[in-house]
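Below: the structure, in structure tokens.
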Amino acid sequence: MAANDSEEISFKKDTVSKLLASFFKEDKTRLSGDAATLMAEMLRIFVREAAVRAQKQAEAEDCDQVDIEHFEKILPQLLLDF
């Protein structure tokens with residue numbers, strides 16, 4: 001993946017909660033802590049998978065650097081898989 005593979009992707013639960021809450025249509029809608037934790041984990045998996053697929057796409061094109069074009073090429077299938 002990157003030069004420093006040991007760094008783990010993570011999302012703060014509070015950030016995920018605020019992001020999701022911004023899309024709620026009613027003020028009464030609440031998000032439990034477990035739901036926020038689950039969503040943060042899904043985001044972590046999604047981002048990691050996107051990075052891996054974009055890297056493989058770049059390697060398939062004999063590129064030594066991942067560009068936005070590689071991400072754009074893998075995005076449709078990634079979205080279908082999730």
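Sequential numbering from 1 along the given sequence is applied to the chain's residues.
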Those residues that, when tested against L43, pass side-chain contact (heavy atoms from CB on, under 4.5 Å) (two or more places apart): F11, V16, M39
On a heavy-atom basis, the closest approach of A50 and I74 is O-CD1, 3.9 Å
Find out if a path of hydrophobic residues (ILVMFWY) with successive side-chain heavy-atom gaps under 4.5 Å connects I45 to L19. no
Linking I/L/V/M/F/W/Y whenever their side-chain heavy atoms sit closer than 4.5 Å, directly or via other members, would F82 and L75 fall into one cluster? yes
Roughly how far, to the nearest 0.5 Å, is the CZ atom of F24 from the CG atom of L31? 5.0 Å
Can you pull out every salt bridge (Lys or Arg N to Asp or Glu O under 4.0 Å) where at least one residue sits in residues 49-74? Sequence neighbours excluded, please. E49-R53, R53-D81, E61-K73
Tell me which pairs pass salt bridge (Lys or Arg N to Asp or Glu O under 4.0 Å) where either residue lies in residues 11-31, with sequence neighbours left out. none
Is there a path of hydrophobic side-chain contacts, each under 4.5 Å between heavy atoms of I/L/V/M/F/W/Y residues, joining L79 to I68? yes
Tell me the closest heavy-atom pair linking Q65 and A58, and the distance in Å. O-CB, 4.0 Å
